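Quick notes on the structure that follows.
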Amino acid sequence: MKDRRWIALCAIGLVVLAMMNLPDSASRRVKGAVRDGISPLQAVLRGGARELQDIFRYIRGIGDLALENRALSEEIVYLRGEMRMARELERDNQMMRDLLGFVQRFPNKLVSCEVIGRDSTGWWQTARLDKGASAGVAEGRAVITPDGLIGRTVSVSDRTADVLLLSDPSCQVSVRIARSGVFGVVAGMGVKPGEQPACRMDYVSQTADVQEGDEVVTSGLGGLFPKGLLVGRVAKVEMHEAGLYQTAWIDSAANLGELEYGFVAATEKDLASVRPELPPADIVIDDETGPLEGEEP
Amino acid sequence: MTLLMLLFWLIVGGTLQAAVPAWRHMGQPAFPFLLGVVLYVAVNKKARYFVAVALLAGLVEDSLSLAPLGCSACAFLVAGGLALLLRADFFADKASTAMWFGALCASASTGTMALLLKMKGLVGLSGGEIFWRMAGSAVLGAVLVPLLFGMIRGMERVLGIWEDRA
């Protein structure tokens with residue numbers, strides 16, 4: 001009986017060791033398959049959570065109105081509710097217009113993605129996007145929102161991509177202070193007890209002109225991030241104890257804690273690998289309208 | 001617990017763990033949904049089921065994070081092993097016991113994971129930060145594990161597949 005236990009323990013140990021030492025490609029395939037399998041459920045859950053949030057917001061609104069306007073009739077409450085919904089729709093509409101305008105302004109090809117999850121262990125600051133290699137998303141691409149840079153893609157499966165957020169200590173971005181042109185590298189601070197996620201720009205020369213409120217943008221050096229993307233603003237500047245260099249603390253421009261959408265800056269090469277959905281060659285499209293005036297047939 | 005039921009809870013646990021943001025306080029520990037499922041099996045089912053569940057739950061958790069495959073499985077085996085060792089002396093069908101147990105095992109799981117990630121050079125947290133995070137995990141484990149135990153047990157009873165510990 002004791003021998004069997006030892007054999008079982010050894011077998012378990014071997015399985016775990018084998019899992020931990022899988023070749024990188026095999027490990028990626030296994031992880032990708034699990035992630036792709038779970039991603040539809042994550043998207044549904046995320047959608048459901050948003051719906052619930054909207055319902056609660058709506059109910060809370062009605063409750064407040066009822067308290068404030070007890071004398072008003074039900075119809076007025078109903079009409080106000082309708083009005084609020086219309087405003088919500090207007091706000092959403094405006095947000096969509098802004099996003100569209102942003103996409104049209106940006107020179108790179110952008111793949112719009114929805115955030116469907118976070119790192120399941122909490123050891124890394126990551127967000128999971130609902131699009132992957134099949135939509136033209138590749139590893140090491142900048143991910144942005146209309147507010148600014150949020151990070152870069154680190155792990156891409158067929159249908160999902162993980163974004164290493166700016167606040168993660170292993171995410172480093174080459175940046176420039178927009179006002180003075182001072183260069184530096186920003187790294188995430190992770191989450192410290194009692195602190196919000198933030199980034200830090202270390203080893204800035206003691207004579208460099210860095211002030212609170214300065215805009216920090218990507219420098220384009222290194223080629224990973226496109227030049228000129230807003231990273232954040234300088235929250236405070238500290239001189240090193242020995243007076244050798246300065247450290248600038250950066251508040252990220254995008255709200256990393258409440259991400260809903262993101263755009264992956266894809267290259268032409270990334271998108272070229274995506275198979276376009278063309279009609280089969282044997283289908284002939286019959287254009288009844290014929291050529292336009294002045295257009296060659 | 002049928003195979004289907006087991007898979008259901010693993011998928012739901014993994015999805016919830018990736019959907020619910022990590023707790024901002026006490027070192028940002030994640031809500032231990034998957035660990036809760038592993039502990040439930042460790043406490044209530046045969047040991048061989050526990051090993052299979054721990055390995056599968058580890059696979060799911062690592063796939064949904066940047067951790068190398070096998071790290072979470074190792075952490076779950078340590079935490080669940082602790083549960084297996086203590087269940088005869090410790091466990092009664094009470095929420096308060098599940099609470100203490102959840103706290104102890106969540107903390108052990110986080111400690112093991114921290115050790116493995118540090119050995120691989122993947123996290124740069126200090127000893128104090130890891131201890132703080134273990135304390136945070138203990139708090140979340142104490143809250144979540146009794147709830148999960150109740151939910152899984154309730155579902156098993158409703159489906160008529162509840163069986164006593166073997």
Side-chain angles (χ1 to χ4, degrees), chain A residues 5 8-9 11-13 15-22 24 26-28 30-46 48-49 116-128 154-155 157 160 162 164 168-170 190-197 257-259, chain B residues 10-34 47-48 51-52 54-56 58-77 81 110 113-114 116-117 120 122-125 128-129 132-133 136-137 140:
Chain A
R5 268 193 191 168
L9 274 176
I12 294 163
V15 170
V16 174
L17 267 178
M19 275 170 87
M20 289 175 89
N21 291 295
L22 270 182
D24 201 35
S27 169
R28 276 168 191 240
V30 172
K31 282 178 137 192
V34 175
R35 269 168 43 182
D36 287 347
I38 288 181
S39 67
L41 194 63
Q42 282 186 300
V44 168
L45 193 76
R46 183 81 183 177
I116 56 167
R118 294 266 173 175
D119 179 67
S120 65
T121 59
W123 289 100
W124 288 272
Q125 307 277 317
T126 62
R128 182 157 304 114
V154 280
S155 176
S157 69
T160 64
D162 278 358
L164 190 67
D168 192 281
S170 54
V191 173
K192 305 282 173 187
E195 285 180 17
Q196 296 297 311
E258 289 173 16
L259 294 170
Chain B
L10 284 179
I11 291 171
V12 168
T15 311
L16 283 173
Q17 199 162 312
V20 179
W23 194 30
R24 270 285 156 82
H25 308 282
M26 297 185 78
Q28 208 187 26
F31 283 80
F33 288 99
L34 282 169
R48 59 171 178 269
V51 174
L55 292 175
L56 280 173
L59 181 75
V60 172
E61 184 169 288
D62 288 340
S63 297
L64 297 175
S65 82
L66 298 182
L69 277 184
C71 286
S72 299
C74 207
F76 288 155
L77 283 170
T110 303
M113 190 79 177
L116 287 170
L117 294 178
K120 285 187 170 268
L122 292 172
V123 293
L125 296 178
E129 284 167 338
W132 187 237
R133 196 188 169 101
S137 295
L140 291 185

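The analysis underlying the following values was restricted to heavy atoms, covering all of them including side chains, and did not include hydrogens, waters or symmetry mates. Just so we're clear, the structure is a prediction, and the values are computed from it rather than from any experiment.
- Between the OG1 atom in T15(B) and the CG atom in L45(A) there is a gap of 7.0 Å [rounded to 0.5 Å].
- Comparing R35(A), R118(A), R28(A), K31(A) by how many heavy-atom pairs each has under 4.5 Å with chain B, the most go to K31(A).
- The structure places CZ of R128(A) at 8.0 Å from OG of S65(B), a figure rounded to the nearest 0.5 Å.
- Scanning both residues, V30(A) and S63(B), for their nearest heavy atoms gives O-OG, 4.4 Å.
- The minimum heavy-atom distance between V60(B) and I38(A), with the atom names listed, is CG1-CD1, 3.9 Å.
- With a 4.5 angstrom heavy-atom cutoff, L34(B) does not touch chain A via any of its atoms.
- When each of E61(B), R133(B), K120(B) is checked for heavy-atom pairs under 4.5 Å with chain A, R133(B) comes out on top.
- Of the residues considered (A67(B), P29(B), P68(B)), A67(B) shows the highest number of contacts with chain A, using heavy-atom pairs under 4.5 Å.
- Partners of L55(B) by side-chain contact (heavy atoms from CB on, under 4.5 Å), not counting sequence neighbours, listed by chain and number: V15(A), V16(A), M19(A), V51(B), A73(B), L77(B).
- Looking at A114(B), both its backbone and its side chain come within 4.5 Å of chain A, counting heavy atoms on both sides.
- Scanning both residues, M113(B) and W123(A), for their nearest heavy atoms gives CG-NE1, 3.3 Å.
- Among the candidates V20(B), L16(B), D62(B), the residue making the largest number of heavy-atom pairs closer than 4.5 Å to chain A is D62(B).
- L66(B) CG to T126(A) OG1: the interatomic distance, rounded to the nearest 0.5 Å, is 5.0 Å.
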